[in-house]
Amino acid sequence: MSDIPEQPSDFIRDIIQADLAAGKHQTPVTRFPPEPNGYLHIGHAKSICLNFGIAREFGGVCNLRMDDTNPTKEEVEYVDSIIADVRWLIDGWADDRIGLENGQPFYASGYFDQLYEFAVQLIKKGKAYVCDHTPEEVDFMRGAPDRAGEPSKYRDRPIAESLDLFARMKAGEFPDGARTVRAKIDMSSPNIWLRDPLIYRIRHASHHQTGAKWCIYPLYDFAHCLSDYIEGITHSICTLEFEVHRPLYDWILENLDLPRPLPHQYEFAKLIPTYTIVSKRKLITLVNDQIVTGWDDPRLPTISGLRRRGIPASAVRQFAYNIGVTKYNSVTDIAVFEHCIREDLNRRALRRLAVLRPLKIVIENYPESQVEMLEAVNNPEDASAGTRQVPFSRVIYIEQDDFREVPPPKYYRLSPGTEVRLRYAYLITCTGIVKDPHTGAVTEVHATYDPATRGGNTPDGRKVKATLHWVSAAHAVDAEVRLYDKLFTVPEPDATGDFRANINPHSLETVTGKCEPSLADATPEARYQFERLGYFALDTDSRPGKLVFNRTISLKDTWAKMIDEMAKRGYLSEKAKYLAGALIEILKHGSGGKHPSQCWLYQKNGKKWAHAYDQQIAEGGVGGEPIPPTSLDGEKLFRPKKNETIQYIMSFGLSQQEAEAIFTANI
RNA sequence: UCCCCGGUAGUGUAAUGGUAACACAACGGCCUUUGGAGCCGUACUUCAUGGUUCGAGUCCAUGCCGGGGAGCCA
């Protein structure tokens, strides 16, 4: 179900390939080392796909390891969720490459004895010492990027004394923070992490794996490289922020005189998708503030959220492949992910008919008691999925959106007097409407069907523009359907200010839909396409007789892409709404009321596009006389191309989508 | 301010000194019993300046811009 090539290529795989060719290793051993202090998210998925993908492609192994050196922040709940998420993501793909210990993950805490001995060794070699400074003193004495550090008073204390103190630290003689073990490296290094970094601290805390055994715990830099070494990791792949730690990673391993080969660390840029957040802290805020229902809320980018939403693991993997692996700090358009999901689901989803916002249709010339079973294909992309029977009768439901009493231009669907096709059924023509006498809303539509068009065929060859989905009212099965939308209204919710201000109030809408009867037997594993609506999967809340579906993702909908639709759904940011009016006016004004591409722009600082009437836009309106185009900083004015105008609009902080909408709206 | 790492269409990613390309997004068309899918097409690219070279996105220098780095977090 996946198009990922057997041998993807990126700078890390290139290195591995070269290392293998040079005979440095027989096969690569990677690892995925999360700290169990939160749920895994789409960013971790990128790392999982990278590490397990490498193991898979080069015949190696990827160890799953809990990086659990900080007992005060970690919990078994997280350990369990991490295991489940990793298994789900690699199932059927790299599940034979996972490195485990007796079926369980590796734990950094499993190495605490060895780590302790390594620290003793370092002290014995005069390369580490016990330091008695307070946290505040250590902090100050470390210096700053532009201020040299000063050595600890205890830097040169006798080795025997450090050894004794370290043993007593372990024995629990000292309170938290009283002493630390520090590597003796270089207090004047421009790299702060080499200024005698701490490698052990006292923490009288119970650990989720080791219980009360320890009251001293190693720090990340010490534990990680050595855990890699102990497990025989060849390529230790982490994210960019650890780049400055690499000299320390190497220093520890090299100064312990370990047999070679040593593991090496490589760094790549983490994934930052638009319209969501992946910061652990902010994810916790969303959960704790009950903005979402839990860690597996289908609106969240957590792996458990994606799973619950119905996104296939293969789509996540394809996404990880598509975005590549580099050292460039990038922001990935969430549309790339959505494309992968649709592509995957399009191939596998069973087509079904379901109406989310029902409008009753009475087919006047269809016999009252008659029911016909009509054949419908399960998946036009996959003939082996077969067909099914769908009941048709006199009263059916169609989507409210599929009927307009007064149709807008280019509206092909049902309206008084028009004919449309009911998918797999008949062509019907609207003959009348019934309105609520008080509200004036259309409550019922009357129609006639053409018996010659059974199955939706037109023996006379006549064309009908629209094909609508429908459900027989008497046979319909009710379902709760949860319609999800982006959790945030702006591409980069936490770029500036409080990300909570950018939460999309319409991220969840729940409706009661009418489903074709076969959906009563829907299974949690199956993926469904409700035709013309989107892809849906059963939610974990679903029970027999009480169906609950999640909309995984909508179908691409060109009709819905109009600017008013965008505004209605909250896709247009407040900023865009505010600026749209002024921009449209000013662009028209600058072009003598014509097309915006006829306005004048000039180049500012040789780089940025600027509009001849910037000043007036900044002042929020179009009042007054335009500045004569000749008086602008002596810069040459020119007629921008469409794309340059789009870029110009975007320079106000709007997305391309918004800019296009504004541009289009002005035509 | 110091150290490290980056900078290729709107967004990502390729091109490993030899014709700048692919995907997504956008736009247009064809086709369609899903306004889906599919097919065809259009527009838009190497941060800047110098240097090396027959030839530079690639190598060098300088500058500019962006990210990371001063937890007893990972």
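Below, chain A is the first sequence line, B the second, and so on; all start at residue 1. We use all heavy atoms of the structure for the numbers below, so side chains are in, but hydrogens, waters and symmetry mates are not.
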**Q** Reckon F242(A) touches a base, only the sugar-phosphate, or nothing at all at heavy-atom distances under 4.0 Å?
**A** base
**Q** Nearest whole angstrom, please: distance from the P of rC4(B) to the CZ of R195(A).
**A** 13 Å
**Q** Do R342(A) side-chain and rG36(B) base share a donor-acceptor contact under 3.5 Å?
**A** no
**Q** On the 0 to 90° scale, with breaks at 30° and 60°, tag the F319(A)-F337(A) ring pair as parallel, tilted or perpendicular.
**A** tilted
**Q** Of the nucleotides rG67(B), rU13(B), rC72(B), which has the atom closest to the N329(A) side chain?
**A** rG67(B)
**Q** Look through every strand shown and name the nucleotide pairing with rU46(B) as Watson-Crick or G-U wobble, where both distances are under 3.5 Å.
**A** none
**Q** From the set rA74(B), rC73(B), rA14(B), return the single nucleotide nearest to any side-chain atom of R203(A).
**A** rC73(B)
**Q** Using a heavy-atom cut-off of 4.0 Å across all strands, would you classify T326(A) as base, sugar-phosphate, or nothing?
**A** sugar-phosphate
**Q** Do we count Y328(A) as stacking onto rG7(B) if the rule is ring centres under 5.5 Å and planes under 30°?
**A** no
**Q** State which of rC5(B), rC72(B), rG36(B) makes the closest approach to the side chain of N346(A).
**A** rG36(B)
**Q** Given atom CD1 of I192(A) and atom C1' of rC72(B), what is their separation to the nearest angstrom?
**A** 16 Å
**Q** Under 4.0 Å between any heavy atoms, over every strand shown, what does S330(A) touch: base, sugar-phosphate, or nothing? Just pick one.
**A** sugar-phosphate
**Q** To the nearest angstrom, how far is L248(A) atom CG from rC72(B) atom P?
**A** 12 Å
**Q** What about R147(A), does its side chain sit under 3.5 Å from the base of rU1(B) through a donor-acceptor pair?
**A** no
**Q** With a 3.5 angstrom cut-off on both distances, give the Watson-Crick or G-U wobble partner of rG66(B), or none if there isn't one.
**A** rC5(B)
**Q** By the 4.0 Å heavy-atom rule, please label T134(A) as base, sugar-phosphate, or nothing.
**A** base
**Q** What integer distance in Å separates F32(A):CZ from rA74(B):P?
**A** 16 Å
**Q** If rC72(B) has a Watson-Crick or G-U wobble mate with both distances under 3.5 Å, name it; if not, just say none.
**A** none
**Q** With heavy atoms under 4.0 Å as the rule, sort Y424(A) into base, sugar-phosphate or nothing.
**A** base
**Q** Using a 4.0 Å heavy-atom cut-off across all strands, classify V464(A) as base, sugar-phosphate, or nothing.
**A** nothing
**Q** Indicate syn or anti for rG71(B), taking the glycosidic torsion and treating anything within 90° of 0 as syn.
**A** syn
**Q** According to the Watson-Crick and G-U wobble definitions, with both distances under 3.5 Å, which nucleotide is paired to rU16(B)?
**A** none
**Q** Assess the side chains of S189(A) and N191(A): does a donor N or O sit below 3.5 Å from an acceptor N or O?
**A** no
**Q** If I take atom CG from residue L555(A) and atom CD from residue Q529(A), how far apart are they, to the nearest 0.5 angstrom?
**A** 4.5 Å
**Q** Is N457(A) touching bases, backbone alone, or none of the nucleic acid, heavy atoms closer than 4.0 Å?
**A** base
**Q** Could you let me know what rG35(B) is paired to, Watson-Crick or G-U wobble, both distances under 3.5 Å, or none if it's on its own?
**A** none
**Q** Taking for each residue the nucleotide of RNA chain B with the nearest heavy atom, is it A269(A) or Y412(A) whose nucleotide lies nearer the 5' end?
**A** A269(A)
**Q** Quick one: which of rC5(B), rU34(B), rA74(B) gets closest to the side chain of T69(A)?
**A** rA74(B)
**Q** Among R532(A), E531(A), E516(A), which residue satisfies the side chain to side chain donor-acceptor pair (under 3.5 Å) criterion with H469(A)?
**A** R532(A)
**Q** With both distances kept under 3.5 Å, what pairs with rC59(B), Watson-Crick or G-U wobble?
**A** rG51(B)
**Q** Base, sugar-phosphate alone, or nothing: which one does H224(A) contact when heavy atoms must sit under 4.0 Å apart?
**A** nothing
**Q** In whole Å, what is the span from the NZ atom of K73(A) to the P atom of rC72(B)?
**A** 12 Å
**Q** Any Lys/Arg nitrogen of E381(A) or R348(A) sitting under 4.0 Å from an Asp/Glu carboxylate oxygen of the other?
**A** no
**Q** Donor-acceptor pair under 3.5 Å: do we get one between E381(A)'s side chain and the base of rG36(B)?
**A** yes
**Q** Under 4.0 Å between any heavy atoms, over every strand shown, what does A144(A) touch: base, sugar-phosphate, or nothing? Just pick one.
**A** base
**Q** Please report the C-alpha distance between R351(A) and N379(A) in whole Å, then the side-chain angles of each, then the deciding distance to 0.1 Å, and finally whether the side-chain hydrogen bond (donor to acceptor under 3.5 Å, both in side chains) criterion is met.
**A** CA-CA 6 Å; R351(A) 299 324 121 113; N379(A) 186 351; 3.2 Å; yes
**Q** Is rC27(B) paired to anything, Watson-Crick or G-U wobble with both distances less than 3.5 Å, and if yes, which nucleotide?
**A** rG41(B)
**Q** Hey, which of R142(A), R155(A), K184(A), K153(A) is the one that makes salt bridge (charged side-chain N to carboxylate O under 4.0 Å, His left out) with D196(A)?
**A** R155(A)
**Q** In whole Å, I'd like the distance from the CD atom of Q529(A) to the P atom of rG36(B).
**A** 11 Å
**Q** Could you check how far CZ of R246(A) sits from C1' of rC4(B), rounded to whole Å?
**A** 9 Å
**Q** Give a yes-or-no answer on whether the side chains of S236(A) and Q265(A) include a donor-acceptor pair shorter than 3.5 Å.
**A** no
**Q** Quick one: which of rU34(B), rC72(B), rC24(B) gets closest to the side chain of T180(A)?
**A** rC72(B)
**Q** How is N70(A) classified with respect to the nucleic acid when contacts are heavy atoms under 4.0 Å: base, sugar-phosphate, or nothing?
**A** sugar-phosphate
**Q** Judged by modelled atom types alone, do D460(A) and T458(A) share a side-chain donor-acceptor pair under 3.5 Å?
**A** no
**Q** What does N191(A) touch in the nucleic acid at a heavy-atom separation under 4.0 angstrom: a base, only the sugar-phosphate, or nothing?
**A** nothing
**Q** By nearest heavy atom, map G143(A) and D10(A) onto RNA chain B; which one lands nearer the 5' end?
**A** D10(A)
**Q** Counting side-chain heavy atoms from C-beta on, which of rC4(B), rG66(B), rA74(B) comes nearest to V244(A)?
**A** rC4(B)
**Q** Once you apply a heavy-atom cut-off of 4.0 Å, does D139(A) come out as touching a base, just sugar-phosphate, or nothing?
**A** sugar-phosphate
**Q** Under 4.0 angstrom, heavy atoms only, what part of the nucleic acid is P380(A) near: base, sugar-phosphate, or nothing?
**A** base
**Q** Looking for any heavy atom pair under 4.0 Å, which part of the strands does R142(A) touch: base, sugar-phosphate only, or nothing?
**A** sugar-phosphate
**Q** Would you mind reading off the distance between D333(A) atom CG and rG12(B) atom C1', rounded to a whole angstrom?
**A** 9 Å
